[in-house]
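This chain uses plain numbering: 1 for the first residue, then up along the sequence. What you see is a predicted model; the values in this text were computed from it and never measured.
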Amino acid sequence: MDVTQAIEQRHSVRRFTDKPIEGEALAALEDAISRANAASGLHLQLVRDSPGAFRGLLARRRFDNVQNYVACIGPKSPDLDELCGYFGEKVVLAAQQAGLSTCWVGGTFGKRKVKADIAPGERLVIVIAVGYAAAEGCPHRSKPLSELSHTHGPETPDWFRRGMRAAALAPTAMNQQHFLFTLGADGETVTRRSTGGFFSNVDLGIVTLHFELASGHSVSGTVLDRR
């Protein structure tokens, strides 16, 4: 499975089996986390066999048998949420390629029960549930691409359409899809912005990664430009 197929096949999963993550799948997941941390300066951590953060009433209503998760942690900064979205989604796609299922989880877990190392000056932003699906996820409804993008000129390049299709497939909080991509008048420069909503900067990082992977074009004005 290449990364484009991973984007197309990934769906959020909330019910997991007891099958442990080990062997090649574990190695692939740990390698993806290590690479993401090295590239971003984040402190993403895989927590295994630790269901405590998902034993609260709200979590049990929405999730079943979450034993493992990736804690998205990093040094406090205005860019932290977007970095967690961009590099956390790299881990999500690597997990998909390794035969694992995932779900971004923002507010329905117990932050105090997260078994991760949060150093002074760091913040836990969000977690990613990961494991083997007991019930497969399903595609979410998406807004028309015309509501998620703006272009200048009479023709839209194929690469931009590919990028937008991938961005539309990206997970966002409550499927809000509060983002807008703009193709500049030069037909090359791409920018994007959030249009509001909770966890919107995490979402912005996720959709930017999807766009870049599918289109082969970098997006201007991202956290990577500011680093």
Give every donor-acceptor pair under 3.5 Å between a side-chain atom in residues 147-154 and any protein atom, sequence neighbours left out.
{"unit_1": "Ser149", "atom_1": "OG", "unit_2": "Leu145", "atom_2": "O", "d": "2.8"}

Given side chains that start at C-beta, do those of Gln45 and Lys115 come closer than 4.5 Å, heavy atoms only?
no

Decide yes or no on side chain to side chain contact (heavy atoms under 4.5 Å, CB included) for Asn68 and Asp49, but give the supporting numbers first.
CA-CA 6 Å; Asn68 318 287; Asp49 305 318; 3.9 Å; yes

Candidate pair Phe179 and Thr208, rule side chain to side chain contact (heavy atoms under 4.5 Å, CB included), full reasoning:
CA-CA 10 Å; Phe179 59 86; Thr208 297; over 6 Å; no

If hydrophobic clusters are built from ILVMFWY residues whose side chains come within less than 4.5 Å, do Val125 and Val70 share one?
yes

Does a side-chain heavy-atom distance below 4.5 Å link Met174 with Phe199?
no

Does the side chain of Arg192 reach to within under 4.5 Å of the side chain of Val207, using non-hydrogen atoms?
no

Residue pair Ala170 / Ile206: nearest heavy atoms and the distance that separates them
CB-CG2, 3.8 Å

Please say whether more than 12 non-hydrogen atoms of neighbouring residues, nucleotides or ligands are located less than 6.0 Å from NZ in Lys113.
no

Side chain of Glu212, backbone of Leu209: donor and acceptor closer than 3.5 Å?
no

Any chance the side chains of Thr222 and Glu82 put a donor and an acceptor closer than 3.5 Å?
no

Which atom pairs, donor and acceptor, lie under 3.5 Å between side-chain atoms of residues 88-110 and protein residues at least two apart or in another chain?
{"unit_1": "Glu89", "atom_1": "OE1", "unit_2": "Trp104", "atom_2": "NE1", "d": "2.9"}
{"unit_1": "Glu89", "atom_1": "OE2", "unit_2": "His210", "atom_2": "NE2", "d": "2.7"}
{"unit_1": "Gln97", "atom_1": "NE2", "unit_2": "Met1", "atom_2": "O", "d": "3.0"}

Nearest atoms (heavy-atom pairs only) where Phe16 meets Val130:
CE2-C, 3.9 Å

Within-4.5 Å side-chain heavy-atom neighbours: His140 and Ser12:
no

Donor-acceptor list for residues 157-169 side chains, cut-off 3.5 Å, not counting sequence neighbours:
{"unit_1": "Asp158", "atom_1": "OD1", "unit_2": "Arg161", "atom_2": "NH2", "d": "2.2"}
{"unit_1": "Arg161", "atom_1": "NH1", "unit_2": "Thr156", "atom_2": "O", "d": "2.6"}
{"unit_1": "Arg161", "atom_1": "NH2", "unit_2": "Thr156", "atom_2": "O", "d": "3.4"}

Hey, does Cys72 have a side-chain heavy atom less than 4.5 Å from the side chain of Phe87?
no

If you define the side chain from C-beta out and look only at heavy atoms, does anything of Glu136 sit under 4.5 Å from Gln9?
no

Any donor-acceptor pair under 3.5 Å from Asp203 side chain to Ala173 backbone
yes

Say you draw a straight line from CZ of Arg193 to OG of Ser200; how long is it, rounded to the nearest 0.5 Å?
11.5 Å

Testing Ile73, Asp81, Ile118 one by one against Arg123 for a side-chain contact (heavy atoms from CB on, under 4.5 Å), which residue passes?
Asp81

Under a single-linkage definition using a 4.5 Å side-chain heavy-atom cutoff for Ile, Leu, Val, Met, Phe, Trp and Tyr, are Phe54 and Val47 assigned to the same hydrophobic cluster?
yes

Over all atoms of both residues, closest heavy-atom pair of Ile21 and Gly131:
CD1-CA, 4.1 Å

Check the pair Asp18, Asn65 against side chain to side chain contact (heavy atoms under 4.5 Å, CB included), reporting the backbone distance first and the verdict last.
CA-CA 7 Å; Asp18 290 327; Asn65 204 29; 2.7 Å; yes

Quick check for you: to the nearest 0.5 Å, what is the distance between Leu57 atom CG and Arg55 atom CZ?
14.5 Å

Rounded at 0.5 Å granularity, tell me how far NZ in Lys111 sits from CD1 in Ile126.
9.0 Å

Kindly indicate, with the supporting measurements, whether the criterion side chain to side chain contact (heavy atoms under 4.5 Å, CB included) is fulfilled by Leu46 and Leu26.
CA-CA 10 Å; Leu46 175 62; Leu26 176 60; 3.7 Å; yes

Does one hydrophobic cluster hold both Val202 and Leu124, with members joined at side-chain heavy-atom distances below 4.5 Å?
no

Please report the interatomic distance OH(Tyr69) to CZ(Phe63), rounded to the nearest 0.5 Å.
13.0 Å

Hey, does Leu42 have a side-chain heavy atom less than 4.5 Å from the side chain of Cys84?
yes

Kindly give the heavy-atom pair with the smallest separation between Val13 and Ala133, and that separation in Å.
CG1-CB, 3.8 Å

Backbone N or O of Gly197 within a donor-acceptor pair of the Gln176 side chain at under 3.5 Å?
no

ILVMFWY network linking Leu204 to Leu183, side-chain heavy atoms under 4.5 angstrom
yes

